[in-house]
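Worksheet for the structure shown next.
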Amino acid sequence: MDISQYLSMFIDESKEHLQALNENLLSLEGNPQDISIVHNIFRSAHTLKGMAATMGFEDIAALTHDMENVLDLVRNSKIEMNPFIFDCIFKSLDSLETMVEDIIQGGTGSADVSAIVASLRSIVSGDYLKTEAPAAAAPAKAPARGIEVDEFQYSILQQSIESGFLVFYVEVTVNENCVLKAARAYMVFDAMERMGEIVKSTPSVQEIEQEKFDRSFSLYFISKVDQATLEKEILNVSEIASAVIITVDSESLAELSSPAAAEVNAASKEIAATAAPAAPAPTAPAKSEAPVPAAAAKPAASAGGAPVASRTIRVDIDRLDTLMNLFSELLIDRVRLEQLASEVKRNDLTETVEHMSRVSSDLQNIVLKLRMVPVDSVFNRFPRMIRDLAKSLDKKVELVITGAETELDRTVIDEIGDPLVHLLRNAVDHGIEPISDRLAAGKPEHGTIYLRAFHSGNHVFIEIEEDGRGIYRDKVLKTALKNGLVTQEQAAKLTDHEVYNLLFASGFSTAEKISDISGRGVGLDVVKTKIQTLGGHVQVDSKPGFGSKFSVQLPLTLSIISAMLVRLGSEKYAIPLSSIVETSAIQKSQIRNIHGNLMIDYRGSIIPVVSLSTLFEVPDYNEDKETETEIVVVRKGDKQVALMVDEFIGQQEIVLKPLGKYLTGVFAVSGATILGDGQVALIIDTNALIK
């Protein structure tokens, strides 16, 4: 069977499991006694191992198997989590991520993990403590047919019998000439798990998956089906030679596991008491006659009840891009039809076009939502990063995330990760003070970083705020003056906000960054450039001694926007609706010339006026001849500017098209769109007009 067709699915699901492992491990670090989290970690690791073994990535499967051995001891209370074990498993996850990334790049997923494997095995053996593992921690063995069960598994079997379930000891033998033993074993396991739950197998599931067994394997099985039905289902699998099934009751279980029963009788009762709520009532679910104890339930089942069918599918992002491009063309044609219908003035044509407009509007909303992804897909990797960075710097840092459900266009999501990583690393490394400095300043030893995301109009705001040392104006100006970014005269006139914006200037950082400004500004020019290419902007506010806040504003989507179309003579321009505050008509006499700058009194404040016809050198329009002019008031943050135009055409949804590689860096133009009459209208970048 060609498994290459499943590679993309393996990569996607591996990333999800690795992220789940990181998140659960962080949760466990905060609450090491919560065994339920250990069970979740174990299930994710086991699933990842099975997927890797099936795909032939043996190094991933082997490393995950060693992780499982450690986690198995933890979940059965044989050992307790400690910093060494946490660090070892975190390093294992890093190696697994590296292996998966190697597969993405076309490699085989191989890596030298001998040191990590040695550490994991030293945990299992107890050598890392230089002491022998306590005898009480040794697993309880059931001598029957070589099956081994520990105390927890023994309790599950005992509780299942008491709850009315049937417990079977099963030995399955495959044909001597069977070629794909692991595949046949998998089919047997699959058939049995549809009827109940497998508690323990010998050899282990991992060894069976890797065909590390001769011809037979044994297991304990809990179900509601009778012995004849079970035997029939097993023998229905091809190339199965025989199936020996023995029904186990309380007495025979005690006999088979007499050493365990004698050794851990009291412990078994205690475990049974805690496991009892996990054993379900004998009532069967609607789709199955074989309910199983929840303590051994499959991870596919939701915590709230019976599992439900998946209602999601994976779609390649390239297909969504193609869909968006096709819809963009449809939108252009729709606008053209609306214009033609208004010229022809036929009722039936007008009604048809109006209906098509409504349908295409609904289609547009669906297409855009298909591309929307929660920022959680970016945020969820940051807690682990902050944890590792804080530990390496010997700091205590707490990351508080809010608004992770906020959605952004997939193209924006793919690009925003690196700038946020840089801002967060900056916050931990240079914002949060060392523990001694925080205590001396009367602050708690734990620094806090707030990562927030929220919608505002057609934009998404992402804020990174910390309660660290803040930014000191004098230190920033000292470095700026040294680098020649400002003159002494200019520095004296700068506001605090303008000084903080110097952090984003190219070349701001120097070799003395640590002593001068605690590293602030390192690479922030790259962060700003990246965000601006996404149609957004970033600003910083700070209070020295109390912390700083970086605020990133991003558009919801980069493909279709609502805009106000305006005319300048024979030319048409589009102004994004999200940046417009108001449109109005004013008398030319209201415009004042102050020190060579055009200004107007707008709602109690003086704001600049920009002549678009002069800016874009429109040949057939000059507002100097007008006694009255239309203005569009736009804003960027708390700053506003009035743009003079010839006339308003109206609001319209437009498709944003780039100008191409030959027209890069055109001032105040972010792109172009094709109108219904085939004319091209430039889209004005209002942010470039506001300083």
Side-chain angles (χ1 to χ4, degrees), residues 12 15-16 19-20 22-24 26-27 311-312 314-315 317 320-321 323-324 362 364-387 397-428 431 448-467 527-528 530-541 547-562 576-580 635-638 653 656 670 687:
D12 289 341
K15 287 182 176 180
E16 291 175 3
Q19 183 57 45
N22 270 301
E23 291 175 357
N24 282 317
L26 285 170
S27 299
R311 295 176 59 84
T312 61
R314 298 181 186 274
V315 179
I317 189 64
L320 291 181
D321 288 338
L323 180 62
M324 177 61 77
D362 292 340
Q364 174 184 326
N365 291 332
I366 292 173
V367 171
L368 289 177
K369 286 180 180 178
L370 283 175
R371 296 176 55 85
M372 301 301 277
V373 180
V375 293
D376 180 61
S377 60
V378 177
F379 285 6
N380 58 20
R381 60 176 167 160
F382 294 147
R384 168 71 194 283
M385 182 191 77
I386 297 296
R387 179 256 184 201
V397 182
E398 179 183 3
L399 178 64
V400 180
I401 296 177
T402 55
E405 71 283 354
T406 306
E407 292 185 330
L408 263 174
D409 190 283
R410 174 62 184 264
T411 53
V412 182
I413 287 284
D414 289 342
E415 300 294 332
I416 196 58
D418 289 343
L420 293 182
V421 166
H422 196 105
L423 292 175
L424 284 168
R425 290 182 62 88
N426 219 32
V428 177
T448 305
I449 299 176
Y450 298 92
L451 177 59
R452 311 184 188 97
F454 56 90
H455 281 118
S456 180
N458 286 329
H459 289 84
V460 168
F461 285 83
I462 298 176
E463 294 180 348
I464 297 173
E465 184 177 3
E466 33 85 357
D467 61 350
V527 172
K528 183 178 181 180
K530 186 67 172 180
I531 292 172
Q532 286 180 337
T533 60
L534 296 173
H537 67 270
V538 58
Q539 63 181 26
V540 58
D541 291 303
S548 306
K549 179 171 72 173
F550 286 79
S551 181
V552 178
Q553 177 182 330
L554 297 164
L556 278 177
T557 178
L558 302 180
S559 304
I560 298 175
I561 62 172
S562 296
L577 212 60
S578 58
S579 61
I580 296 178
R635 71 177 170 195
K636 171 186 174 184
D638 55 355
E653 289 181 327
L656 184 62
S670 59
N687 289 336

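The figures here come from the full heavy-atom set of this structure, side chains too, leaving out hydrogens, waters and symmetry mates.
Using a 4.5 Å cut-off on side-chain heavy atoms (C-beta onward), Leu423 and Val552 make contact. Counting heavy atoms from C-beta outward, Val527 and Leu420 have side chains that stay 4.5 Å or more apart. Within the 4.5 Å cutoff, the side chain of Leu320 has no heavy atoms near those of the Arg410 side chain. Inter-residue side-chain proximity for Asn380 and Glu23 is flagged as met; some heavy-atom pair is nearer than 4.5 Å.
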- Kindly determine whether Val421 and Phe382 satisfy side chain to side chain contact (heavy atoms under 4.5 Å, CB included), including the steps that lead there. CA-CA 8 Å; Val421 166; Phe382 294 147; 3.5 Å; yes

- Begin from the C-alpha positions of Met385 and Arg425 and carry the test side chain to side chain contact (heavy atoms under 4.5 Å, CB included) through to its verdict. CA-CA 8 Å; Met385 182 191 77; Arg425 290 182 62 88; 4.2 Å; yes

- Do Thr406 and Phe379 pass the side chain to side chain contact (heavy atoms under 4.5 Å, CB included) test, and can you show the C-alpha distance, the side-chain angles, and the key distance before you say yes or no? CA-CA 11 Å; Thr406 306; Phe379 285 6; over 6 Å; no

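In this structure, the separation between OG on Ser377 and CD on Glu16 is 11.0 Å, given to the nearest 0.5 Å.
Of all non-hydrogen atoms in Lys530 and Pro419, the two that sit nearest each other are CG-CG, 3.6 Å. The two atoms that bring Arg381 and Gly417 nearest to each other are NH2-CA, 3.2 Å, heavy atoms only.
Residue Tyr450 forms a side chain to side chain contact (heavy atoms under 4.5 Å, CB included) with just one option from Thr402, Ile401, Val400, and that option is Val400. When the options Leu554, Val378, Val373 are evaluated for a side chain to side chain contact (heavy atoms under 4.5 Å, CB included) with Leu408, the one that passes is Leu554.
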